[in-house]
Amino acid sequence: MTSNFGNQDCSILISSCDAYSDLWDSFFSLFRKFWPDNPFEIYLSAETKNYQNKYFDIHVINDREGNKFWSRRIVYTLSKIKTKYVILILDDFYLYDAVNTASIFDCIGYMRLNPQVASFTFFPISLDTVESSYPGWELRRKEGKFKVLSILALWNKEILTEYLSADENIWEWEANASKRSNYRDDEFFVESSNATKTFPYDFRKYGLLGGKWLKDTAGLFSDNGIHMDFSIRGYYDENSRASSTSIISSIELDSSLIPYYALTKDVDPCMRSSYPIVKKGKFRQYYEIDGARKVIRWEPSCQYGFVVGGFKCTIVYQNNKKSIIRAKDIIGNYIYFKRKMFFTIPDPYIYILPKTDDLISSLCIEGVLLNPPNPKAVDEAIKYPVVGVPEIYSAIVQKLFFEFLISPEKMFVFRTNSKLVLDFGDEYCESNAIQDVKKRHAGPFRQEYKIDCGAAIAARWDIADVNGFAIQNLKVCVDYADGRNIELGHQDISGEYIRHEDCYVFMSLSQSIGISFPEAGPKAISLTGNLLCPMPKELLQEIYRWDLNN
């Protein structure tokens, strides 16, 4: 749909401040190299400093109203920009490859046709998305978390201004404006991970975090002839995340719990906290888990870099007995130091192991969210090892995985990320991979790959990045140049899967199948079926029994 509507429709707004002025030269050096055909006017939001660049005509907008809040500064800057759309870029979003200008104009076209579109975020986010009618884009769910982000995006300027109405710093804005979006009908889109990148950048590798350099930035600058004295700011240490202002602002306990029922309950085993979201201080969460036993997984937050003190879990059994479990008696990916739990690595979780096999009626989790945590305590704690999951508990923990797989709540974010890797007689090689440009959600699918690069003798279909799904009624058809279309049988398909009746179940670390071609040199291959995720409980019960007997 590429249509150039003219640069009068859109501008670029680079959000910065005086304290980050040392980034401006390096930012525009990479900007010039990787986006030489930029057709949009450039605005730089600062505080008091001015800036000139010999390659670009940059409109510096100083905040003459002296707003101390980031949100107010951006509103002031937006009031000086006359275009209907604006590309919001932070000053440390460094480009590392060529920008696709045509894709930006496509997005502008979509916005002109649909005034409900708030933004197109030029970065893949798999959390809470559904398929959209725009190629290469996914729609965020209305109730999704962190829909409003400072990640590089094309915005409807009027809608962006409305979301900036409160006095907030940038991290508060991301957390709070996302909640405000749940009461509006705006639509937010994110780039699919399989799509060609519009803006090749990666804020996780390059730029700053907590005012310090991410280490990969040094290599990027060196490769592009940019000199920077990294010793002035220093390098970011992932272990110091818990004392980072930007992280602390977004931490909240939006907890969930998965109890183990041995697949006997006709309910979604994933339970949300009965207590309102906590950002700081004491919390008390009550869960009805009638009939659970052996093990419970508690996920305190979708963020990490926080500390919990005074942890206490009270378990009430169906026989009216009670037991209390403290932090020193549980396992998980946290550091236990001075009777506190330091969650310093991604995907924070703990496993609560009841002291008996009695059926549980309910449990209550209590503690104190220490936010912000004591920086010195964090520095000391990270010297100690993560508690982890001892081998003697691995079998019990693995059983809980089956409960996870029947939870619509947990599996909603599941996407296939498929590609076809060809074999020309010298084994499978990633350089011979054909990427599927569209992610697949649960339900019927059809994926087609055109093969126009030689006489392949076999292929490997890499289905997804995670395990715990099934494909029902899988059909694989191979097309040849002479018009033949051959449907392959089970004997032509191999892989680490469990085959049960009409389903291929993928539970191992390998989520792929090998395909042997009847003859070398097919021109196309198509795969159809029904992606089951979450998996039907009845199917998992059969797999569960099979697993126990093997």
Side-chain angles (χ1 to χ4, degrees), residues 5-18 20 38-48 58-93 104-105 107-123 125 137 139-140 142 144-191 198-199 203 246 249-250:
F5 291 104
N7 57 15
Q8 71 276 8
D9 278 332
C10 184
S11 300
I12 295 171
L13 168 56
I14 299 165
S15 171
S16 189
C17 60
D18 289 358
Y20 277 33
N38 163 50
F40 308 116
E41 286 194 280
I42 301 173
Y43 293 81
L44 175 64
S45 173
E47 292 167 301
T48 63
I58 300 171
H59 307 282
V60 180
I61 300 180
N62 295 130
D63 181 9
R64 304 194 183 282
E65 296 181 355
N67 290 303
K68 65 178 182 178
F69 290 102
W70 176 85
S71 59
R72 290 298 181 195
R73 273 209 320 274
I74 297 301
V75 168
Y76 178 82
T77 305
L78 289 173
S79 69
K80 306 298 181 183
I81 298 175
K82 304 305 179 185
T83 56
K84 188 173 182 179
Y85 309 108
V86 63
I87 300 171
L88 179 62
I89 307 177
L90 300 189
D91 49 19
D92 64 338
F93 285 174
I104 301 170
F105 281 114
C107 293
I108 294 174
Y110 301 145
M111 281 185 156
R112 288 171 66 94
L113 295 173
N114 183 1
Q116 282 189 298
V117 176
S119 67
F120 285 96
T121 297
F122 299 106
F123 201 83
I125 302 172
W137 293 93
L139 174 66
R140 299 297 303 277
K142 183 175 176 61
K145 298 175 183 177
F146 298 106
K147 284 189 298 184
V148 178
L149 293 166
S150 58
I151 297 174
L152 200 158
L154 169 68
W155 279 89
N156 178 309
K157 189 185 73 172
E158 181 180 350
I159 295 176
L160 174 59
T161 302
E162 291 169 354
Y163 277 108
L164 290 161
S165 59
D167 292 339
E168 294 165 331
N169 63 38
I170 190 170
W171 307 289
E172 292 170 336
W173 176 68
E174 287 188 319
N176 299 330
S178 291
K179 295 170 186 174
R180 296 196 287 269
S181 72
N182 294 336
Y183 300 97
R184 297 173 54 120
D185 293 324
D186 304 318
E187 296 179 355
F188 297 82
F189 294 85
V190 292
E191 204 163 44
T198 304
F199 282 91
F203 60 89
S246 60
S249 298
S250 62

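None of the values given here were measured: they were computed from a predicted structure.
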Can you name the nearest heavy-atom pair linking [X] to [Y], along with the distance?
X    : Y    : value
N38  : I12  : OD1-CD1, 3.3 Å
K157 : L78  : NZ-O, 3.6 Å
I159 : V117 : CD1-O, 3.7 Å
Y43  : I61  : CD2-CD1, 3.6 Å

Main-chain N/O of E172 paired to N176 side chain as donor or acceptor, under 3.5 Å: yes
Do [X] and [Y] make a side-chain contact, defined as non-hydrogen atoms from C-beta onward lying under 4.5 Å apart?
X    : Y    : value
D63  : E47  : no
V148 : W155 : yes
R140 : S181 : no
K147 : N182 : yes
I125 : I151 : yes
T83  : D9   : no
T198 : I104 : yes

Looking at residues at least two apart in the chain, or sitting in another chain, which of them share a ring-ring contact (aromatic ring centres under 6.0 Å, His included) with F203? F123
Got a sec, which residues hit ring-ring contact (aromatic ring centres under 6.0 Å, His included) with F199, two or more places apart in sequence or on another chain? W35, F122
Just grab all the salt bridge (Lys or Arg N to Asp or Glu O under 4.0 Å) pairs involving residues 181-190, residues at least two apart or on different chains. K142-D185, E162-R184, R184-D186
May I have the step-by-step check of side chain to side chain contact (heavy atoms under 4.5 Å, CB included) for I74 and W173, ending in yes or no? CA-CA 12 Å; I74 297 301; W173 176 68; over 6 Å; no
In I108, I81, V86, the residue satisfying side chain to side chain contact (heavy atoms under 4.5 Å, CB included) with C10 is I108
Does E158 CD have over 12 foreign heavy atoms under 6.0 Å away? no
Show your working on side chain to side chain contact (heavy atoms under 4.5 Å, CB included) between I42 and L44 and close with a plain yes or no. CA-CA 7 Å; I42 301 173; L44 175 64; 5.7 Å; no
Testing F188, Y85, F105, F189 one by one against F120 for a ring pair (Phe, Tyr, Trp, His ring centres under 6.0 Å), which residue passes? F189
Using the rule side-chain hydrogen bond (donor to acceptor under 3.5 Å, both in side chains), only one of S45, S150, S15 pairs with W70; which is it? S15
Going through the distances and angles, do R73 and C17 end up as a side chain to side chain contact (heavy atoms under 4.5 Å, CB included)? CA-CA 10 Å; R73 273 209 320 274; C17 60; 4.0 Å; yes
Could you measure the distance from the OG atom of S71 to the CG atom of L160? Nearest 0.5 Å is fine. 10.5 Å
Rounded to the nearest 0.5 Å, what separates atom CD1 in I87 from atom SG in C107? 9.0 Å
Can a salt bridge be assigned to the pair R180 and E168 using a cut-off of 4.0 Å between side-chain N and carboxylate O? yes
